[in-house]
Protein chains: 2
Amino acid sequence: MPDDQLSRVFAALADPTRRDIVGRLAVGDATVGQLAAPYDVTVQAVSKHLRVLEDAGLVSRTRDAQRRPCHLEAEVFDLMTKWIERYQRQAEERYQRLDAVLARLQDDEQQQTDPDEGAAS
Amino acid sequence: MPDDQLSRVFAALADPTRRDIVGRLAVGDATVGQLAAPYDVTVQAVSKHLRVLEDAGLVSRTRDAQRRPCHLEAEVFDLMTKWIERYQRQAEERYQRLDAVLARLQDDEQQQTDPDEGAAS
DNA sequence: GGCCTTCTCAACCGAATGGTTGACAAAGGC
DNA sequence: GCCTTTGTCAACCATTCGGTTGAGAAGGCC
């Protein structure tokens, strides 16, 4: 629903049928009819799915007489992978920082408790 | 809407607010109130967003008195990247095959047209 | 025990989604 | 010039989604 491309790409791929279509288009271009054949839905429904994929920039449709061959535009994937990688990396770094902090806390604890414990008991 | 995890993850990230929340959680854990503060929506709305992220496996919520700290589960990203990479790779390979076919066609054409063209004109 | 904070649950609302059917445009095949 | 194929457009329908308000559970604080 939101109109930025990243949202549209994610939303487009949130549907199993559309992901399947993308999978088949990765193998090779295909017409709407060819793409619709395997599914138990009308051609119109598939046409709608293709429109969603097109709006997301994942698919382009050319023209061949009555037919409309669909082509996968794989570059848009980069948009997603970049977004994902950013937070994957951040989360990883954060994990390492956390480990470092925990390690330091443990050191401090030892410095504090070791003498105290020995003196108190 | 579909109940497989991949769909849920993609759908969860199709919303800018939720992507933003993920971005903030990558920096560090946060409570619902803290996460809600920057947005012009009610805490309930953010709570709903967090539920969506949780159902997708992207976020886990623990308990600290009344507060419910949220934690980013970065591993789920792998699910997406794996799916994406698969078709990125396939599309690339297909491109290379296409190039090869085109190159071969050009060779065949030359073998056919070169002698004919010389004889016809 | 009362109060305040934090958060979730439930009901509701308007808009978008995924599907259908029906009509029709566009382009070959006969 | 018709008829069939291929696909889109338009209207409709049920469901989901992102948001709201209102109520209430859970757990400190005084």
Side-chain angles (χ1 to χ4, degrees), chain A residues 1-25 28-72, chain B residues 1-25 28-72:
Chain A
M1 214 253 244
D3 56 350
D4 72 282
Q5 185 171 21
L6 198 46
S7 297
R8 281 199 302 258
V9 175
F10 276 120
L13 295 178
D15 185 284
T17 305
R18 284 196 294 259
R19 281 201 306 278
D20 202 52
I21 290 177
V22 166
R24 311 234 321 276
L25 284 176
D29 295 3
T31 68
V32 180
Q34 289 169 341
L35 288 171
Y39 310 113
D40 195 19
V41 294
T42 59
V43 180
Q44 287 96 317
V46 173
S47 185
K48 275 192 183 182
H49 281 309
L50 285 168
R51 180 150 184 61
V52 174
L53 290 169
E54 198 180 14
D55 287 346
L58 279 161
V59 158
S60 64
R61 281 186 280 189
T62 54
R63 190 143 214 157
D64 169 27
Q66 319 100 305
R67 260 146 274 125
R68 287 195 193 35
C70 300
H71 175 78
L72 185 64
Chain B
M1 210 256 246
D3 56 349
D4 72 281
Q5 185 171 20
L6 198 46
S7 297
R8 281 198 301 258
V9 175
F10 276 120
L13 295 178
D15 184 283
T17 304
R18 282 193 296 257
R19 281 200 307 279
D20 201 53
I21 289 176
V22 166
R24 311 235 321 277
L25 284 176
D29 295 4
T31 68
V32 179
Q34 289 170 340
L35 288 172
Y39 310 114
D40 195 22
V41 294
T42 59
V43 179
Q44 287 95 318
V46 173
S47 185
K48 274 193 183 182
H49 281 309
L50 286 168
R51 182 153 182 58
V52 174
L53 290 168
E54 196 179 16
D55 287 346
L58 279 160
V59 158
S60 64
R61 282 187 280 189
T62 54
R63 191 144 212 155
D64 169 27
Q66 317 101 303
R67 260 145 273 127
R68 282 184 198 43
C70 299
H71 175 78
L72 185 63

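Residue numbers begin at 1 in each chain, while the letters A, B, ... track the order of the sequences.
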Which residues pass the side chain to side chain donor-acceptor pair (under 3.5 Å) test with A/Ser60, sequence neighbours left out?
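Applying side chain to side chain donor-acceptor pair (under 3.5 Å) to A/Ser60 gives A/Glu73.
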Closest non-hydrogen contact found for A/Thr17 with A/Tyr39 is O-OH, 4.0 Å
[X] [atom1] - [N] [atom2] separation (whole Å):
X	N	atom1	atom2	result
B/Asp15	D/dT16	CG	C1'	14 Å
B/Arg18	D/dT16	CZ	P	15 Å
A/Tyr39	C/dG18	OH	C1'	15 Å
A/Arg8	C/dA16	CZ	C1'	15 Å
A/Ile21	C/dG18	CD1	P	11 Å

Stepwise, does the side-chain contact (heavy atoms from CB on, under 4.5 Å) test hold for B/Asp3 with B/Arg8?
CA-CA 7 Å; B/Asp3 56 349; B/Arg8 281 198 301 258; 4.1 Å; yes
Sub-3.5 Å donor-acceptor pair from the side chain of A/Arg24 to the main-chain atoms of A/Gln34, do we have one?
yes
Counting only non-hydrogen atoms, which of residues 51-58 of chain A are less than 4.0 Å from DNA chain C?
none
Heavy atoms under 4.0 Å, any strand shown: does A/Thr17 hit a base, just sugar-phosphate, or nothing?
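Nothing: the residue A/Thr17, judged by heavy atoms under 4.0 Å, touches no strand.
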Determine all donor-acceptor pairs shorter than 3.5 Å in which one atom belongs to a side chain in residues 46-54 of chain A; sequence neighbours excluded.
residue, atom, partner, partner atom, Å
A/His49, ND1, A/Arg18, NH1, 3.1
A/Glu54, OE1, A/Arg61, NE, 3.2
A/Glu54, OE1, A/Arg61, NH2, 2.7

B/S/- contact track for nucleotides 20-30 of chain D, protein heavy atom under 4.0 Å:
BBB---BBS--
Show me the side-chain donor-acceptor pairs of residues 63-70 of chain B shorter than 3.5 Å, one per line, residues at least two apart or across chains.
residue, atom, partner, partner atom, Å
B/Arg68, NH1, B/Gln66, O, 2.6

Below the 4.0 Å mark, does C/dT17 have OP1 or OP2 next to a side-chain nitrogen or oxygen of A/His49?
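No, A/His49 has no side-chain N/O under 4.0 Å of OP1/OP2 on C/dT17.
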Counting side-chain heavy atoms from CB outward, which of D/dT8, D/dG19, C/dT8 is closest to A/Arg61?
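In terms of side-chain proximity for A/Arg61, the closest of D/dT8, D/dG19, C/dT8 is D/dT8.
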Side chain to side chain contact (heavy atoms under 4.5 Å, CB included) involving A/Arg19 - partner list, sequence neighbours excluded:
A/Leu13, A/Pro16, B/Asp4, B/Leu6, B/Ser7, B/Phe10, B/Trp83
